[in-house]
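These values consider heavy atoms only, across backbone and side chains, with no hydrogens, waters or symmetry-generated copies. Quick caveat: nothing in here was measured; it's all calculated off a predicted structure. Order of the sequence lines sets the chain letters (A, B, ...), proteins ahead of strands, with each chain counted from 1.
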Protein chains: 2
Amino acid sequence: MSVTIYDVAREANVSMATVSRVVNGNPNVKPSTRKKVVETIDRLGYRPNAVARGLASKKTTTVGVVIPDISNSYYAELARGIEDIATMYNYNIILSNSDENLEREIRLIQTMSGKQVDGILFMGSTITARHKHEFKFINVPVVLAATIDEEGELPSVNIDYQAAAHDIVEHLVNKNHKKFGIVIGPLDEPINRKLKLTGYRESLAEFNIQLEDECVFEGDYSYESGVEAFNTLKDKCPTVFLVGSDEMALGVIHAASDSGYTVPNDFEVISFEDTKLAKMVRPRLSTVSQPLYDIGAVAMRLLTKFMKKELVDNHVVTLPHRMEFRESTK
Amino acid sequence: MSVTIYDVAREANVSMATVSRVVNGNPNVKPSTRKKVVETIDRLGYRPNAVARGLASKKTTTVGVVIPDISNSYYAELARGIEDIATMYNYNIILSNSDENLEREIRLIQTMSGKQVDGILFMGSTITARHKHEFKFINVPVVLAATIDEEGELPSVNIDYQAAAHDIVEHLVNKNHKKFGIVIGPLDEPINRKLKLTGYRESLAEFNIQLEDECVFEGDYSYESGVEAFNTLKDKCPTVFLVGSDEMALGVIHAASDSGYTVPNDFEVISFEDTKLAKMVRPRLSTVSQPLYDIGAVAMRLLTKFMKKELVDNHVVTLPHRMEFRESTK
DNA sequence: CTGAAAGCGCTAACAA
DNA sequence: TTGTTAGCGCTTTCAG
């Protein structure tokens, strides 16, 4: 079969232990024997078997990544940040789509743990008791990215969604908007229900504006639900739409234009992601800009610290967001 | 530590082999002892260690996926197809971005092989002798997705780019177009140079139209290079732009509109991908529609066949494309 | 600085 | 139907 550490040892007239040392860069090897070993490694074309190494060392240098849907630009951009940092720290990534399905999420965690990943980076809509139970059971570090643990126990990387909601509202009220249309993602997700929607509602209340339920449309982040949102909210006469995703924002804008309106003249629209999409459409989307790549990168960096058992002062990190005003607002 | 197959065997008063049998669904186990084993597995919370299993069985049920850039929608959609089929056949995926960098591609193949993946699904711009050498060396099946092996040796899944180029040209010539602007991806990629560009050139020649070099712009698939393409080609008076990617097509369209032109009235634009983007912009992009998800899915399916040593009649599969006329053409 | 040897947790003959 | 026994290829004490 293929050449093993034993073959190298025999050919180089040393023990397996010595070969192992040079392969792993252990300094306790005489330069001359190191040279000899390196040469026979090259000569034989030896490549260490990471599976055997993983079994012996109990480290696989691979981490599991649970992601809702890699074909969604929001997550794809997060994933790129995750993978880049993983590579930087010499980890590989096992990537699986969950479609935010609970059973699938749990199963993925289990199979990844079965594959002895050194850590898990989890993205999903809701962290339930079952998730926590599983995370505890598998006994490897877990970090959430763009995902909230309501109890604040699990390490996570997010922006301050509520503050961002406040920023939008404040800005728009100052621009004299009084009637808001909210197009939000699924309300069973804590980020939407507890942070964004509550953020909108409370911020509006600060300015003595009451957010009517009929002005809130619950979408599913998709373009189509943006279209639907516009058509059901337009009669409530909002002057501005606060939209949870870039795709939905596009749906809103196009539905408006199909109804003979124009954005931002008749309605203004603000999104809440800032994927690459936002800059590639006309009108370019004004948006709460989330640092997607960085959220992924920082989450992965945090995970590497846990995997190396380094001290971490702050398990719950909040990255800065900013408002990006482009052409879908005046 | 955690519970092993040996613990289960002891607690259930059977041998490791028997436990292994029930875990692996081997039918040669008396129902009553199976029941006993299953119960103690549940009681102890035993979870098989896939690394140990991989070492013993020489199968890891994971495949390596080399992808240029997961944050690019084109590849993200391919990846989703790949992952779905992998899941269906009980494989996991190790996913890494190469940025189409040769050294990185080679290194990725090596580390994936070191991790004993059962197969590799490769996406990249160019297959060189070094790739082939590496693929041969690692001795696991490889399938290319949306990637061409010019010698036709490696299994691959693509559309017929040249035929697609012909379809576009024929359609447009019949619509009386005579002056074409070609905005193509990097010409060091065989798909662009040998298939698409040659396809355009030869098809045009069929209709006695000579494609001038100055009417060809080599971009890098990005929005920005689409903008640049329009600005450098517009003076050559093309009436239609054939563009290699949805992002570049958007760049072309927006650059045109920034110059006071309107698409499709002043220029028509046809793209060559059909990512989700194409349907979410205005004007919606007319395009050669590549079945992205399917290319990924079929490639992964093909790989599973090789990994299971099933017979495969056709190593080089060509999926159907179609023309999708939306709003960026008349 | 180097080697011997005991595992890591599981699969896979081979026996029984 | 079940058990015994070698490994799989490597890391990691422990000696020396």
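- A salt bridge links B:Arg47 and A:Glu134; the closest N-O separation between the charged side-chain nitrogens and carboxylate oxygens is under 4.0 Å.
- Side-chain N or O atoms of B:Asp99 include none that pairs as donor or acceptor with a backbone N or O of B:Asn101 at under 3.5 Å.
- Straight-line distance from the OH atom of A:Tyr6 to the P atom of C:dG3: 13 Å, rounded to whole Å.
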Between the protein and nucleotides 13-16 of chain C, are there any N/O to N/O pairs under 3.5 Å, and if so, what are the atom names and distances?
none

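- Rotation axes derived from the C1' atoms of the five outermost pairs at either end of the helix from C:dC1-D:dG16 to C:dA16-D:dT1 lie 30° apart, to the nearest 10°.
- Residue B:Lys58 places at least one side-chain N or O under 4.0 Å from the OP1 or OP2 atom of D:dG9.
- By the neighbour-count criterion of 12 heavy atoms within 6.0 Å, atom NZ of B:Lys194 is sparsely surrounded, having that number or fewer from other residues, nucleotides or ligands.
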Enumerate, atom names and distances included, each donor-acceptor pair closer than 3.5 Å involving a side-chain atom of residues 86-94 of chain A, sequence neighbours excluded.
| unit_1 | atom_1 | unit_2 | atom_2 | d |
| --- | --- | --- | --- | --- |
| A:Thr87 | OG1 | A:Glu83 | O | 3.0 |
| A:Thr87 | OG1 | A:Glu83 | OE2 | 3.1 |
| A:Tyr89 | OH | A:Arg301 | NE | 2.8 |
| A:Asn92 | OD1 | B:Lys115 | NZ | 3.1 |

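- For the segment residues 23-36 of chain A, residues with any heavy atom less than 4.0 angstrom from an atom of DNA chain C are, sorted by number, A:Asn28, A:Val29, A:Lys30, A:Thr33.
- Checking D:dG9, D:dT11, C:dG3 against every side-chain atom of A:Met16, the shortest atom distance belongs to D:dT11.
- Contact annotation for A:Thr4: backbone-only contact, meaning every heavy-atom pair under 4.0 Å involves sugar-phosphate atoms and none involves a base.
- For A:His133, there are no ring pair (Phe, Tyr, Trp, His ring centres under 6.0 Å) partners two or more places apart in sequence or in a different chain.
- A salt bridge is absent between A:Lys276 and A:Glu77: the closest approach of a Lys/Arg side-chain nitrogen to an acidic carboxylate oxygen does not fall below 4.0 angstrom.
- Taking every heavy atom of residues 43-53 of chain B and every atom of DNA chain D, no pair lies under 4.0 Å.
- Using modelled atom types, no side-chain atom of A:Asn314 and backbone atom of A:Val317 make a donor-acceptor pair closer than 3.5 Å.
- Using a 4.0 Å cut-off between a side-chain N of Lys or Arg and a carboxylate O of Asp or Glu, A:Arg43 and A:Glu11 qualify as a salt bridge.
- Salt bridge status for A:Arg130 with A:Glu103: present, with a side-chain N to carboxylate O gap under 4.0 Å.
- Put simply, NZ on B:Lys59 is 23 Å from P on C:dG9, counting in whole angstrom units.
- B:Lys115 places its NZ atom 15 Å from the P atom of D:dC10, with the value rounded to the nearest Å.
- As rounded to whole Å, 18 Å separates atom P of C:dC10 from atom CD of B:Gln116.
- At C:dT2, none of the side-chain N or O atoms of A:Thr18 fall inside 4.0 Å of OP1 or OP2 (strictly under the cut-off).
- Side-chain contact check for A:Asp84 and A:Tyr293: at least one donor-acceptor pair (N or O, by modelled atom type) lies under 3.5 Å.
- Residue B:Ser15 places its side chain closer to D:dT4 than to any other of D:dT4, C:dG3, D:dC10.
- In this entry the distance linking CZ of B:Arg10 with P of D:dT2 reads 20 Å, nearest Å.
- Residue-environment remark: NZ (A:Lys308) exceeds the threshold of 12 foreign heavy atoms within 6.0 Å.
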